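Order of listing sets the numbers, starting from 1, for every ligand and every atom in it. No experiment lies behind these values; they were computed from the predicted model shown.
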Amino acid sequence: MTGLGSSARKPAGVAGAVDEGRLWTRHMDMARHGALARGGVNRPALSAEDGRARRLMADWARALGCAVFTDPVGNLFVRREGTEAGLAPVLTGSHLDTQPTGGKFDGSYGVLAGLEAIEAMNDAGISTHRPVEVVAWTNEEGSRFQPGCLGSCVFAGRTGADEALAVRDRDGIAAHDALAAIRAGEPDFLVRPVGFDVHAYVEAHIEQGPLLEKARVPVGIVTGIQGTRWFAIEVLGEEAHAGTMPRRHRKDAFVAAVAMVGALDRLMHDEDDVVRFTIGRFEVSPGSPNTVPGRVFFTIDFRHPDAHTLKRLGDQVQAVCRAHAGPCQVGIEETFHALPCAFDPMVVDTVRATVRDLGFPAMELPSGANHDAKFLAEICPTAMIFVPCERGISHNEAESASPSDLAAGAQVLAETLVRLANA
Ligand SMILES: [Zn+2]
């Protein structure tokens, strides 16, 4: 893809020491662990490939003079010391696990941009009052162990480590056993207790959507993470012979469900195209060509960055479904509800000022996807920095980003970290 982040003049300070080629090469090296034939990566959380990725990260960090730590849920931290003892660190990072057919940039970018920021601080001879730490959170994706964001949830105190690690993958392997297998190869990592005071957290990530690329800007200033509501809808009619039962006497669950979907689609329509509304599963039973369907099950994934709109539209789902049930029964269950999260004004302002001072075109946007930053935001001032990815495609082997955009985001990250660590 065409890079939007190229700038004619080299900025001063830490941003000027960010090395585009080095950052790109590290992505390619990291992507060897779990590499797939079509260019993607399959690196399940706490797998052998994940272990090798962690080792690579630790080796790079040690070469930069950083100490390497882990904690009881396997979060991996690398630390560049500050000049004043006892101050809480500024933390940055993301995750190294991937989807089964994931790309080279989702997660890895945030970790590698953090490492690049540390190397740029070294190269520019910049010291900071506070320590700067880079973290790779355990099991963000949630594709091997559910739920996702396991490491950041435990760090934020939402769940205990033992409880979180009791979950098992599809083969029955418990997360704590998978972690133990990896940790056997990491005797040199110092072990910390779970959680510590964090001065501020900044996560860099590819956007995983098309907005930055369409706006032709290399950097996104992320203002928060939109809220999510999930619903499970069950429509119950009555099975009947397709040849003998007149339509007016049927209780056709499919016909009722289609009417509901049409009405929901109208409810969720907004001129600004901000509402995210998805029916990702739709099951018709018994699924026979000559039987009137007696049951339909479908799911709704509804997201919006504004809490009021999330409530107003989400609260109408039940009434809309009931109004279009016809002769059928309908059951509506809300299976997940997460409020939107607004990032911390101080950290967002620091990112904004940095972007302006470095002269990058940028736009402000909420994150459409969930990230570890959502849980960090519960315990410390938090924000995110996005860079474009090609055609907005992610969770896909074809996921791609331009070296200059990745470098632009890393410049913003590095300068932001230095400002926060000297504040
Ligand atoms: Zn990610």
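- For the residue pair Asn75 / Arg192, no side-chain donor-acceptor distance below 3.5 Å is found, with atom types taken as modelled.
- For His95, the N/O/S atom at the shortest distance from the Zn ion (ligand 1) is named NE2.
- Among the backbone and side-chain atoms of His205, an N/O/S atom is found under 2.8 Å from the Zn ion (ligand 1).
- For Asp106, the N, O or S atom with the smallest separation from the Zn ion (ligand 1) is OD1.
- His304 and Asp306 are not linked by any side-chain donor-acceptor pair at a separation below 3.5 angstrom, with hydrogens and angles left out of the test.
- Arg43 and Ser108 share a donor-acceptor pair across their side chains, judged by distance under 3.5 Å alone.
- Residues Val198 and Phe155 meet the side-chain proximity criterion, which asks for heavy atoms closer than 4.5 Å.
- Contact annotation: Asp372 places no N, O or S atom under 2.8 Å from the Zn ion (ligand 1).
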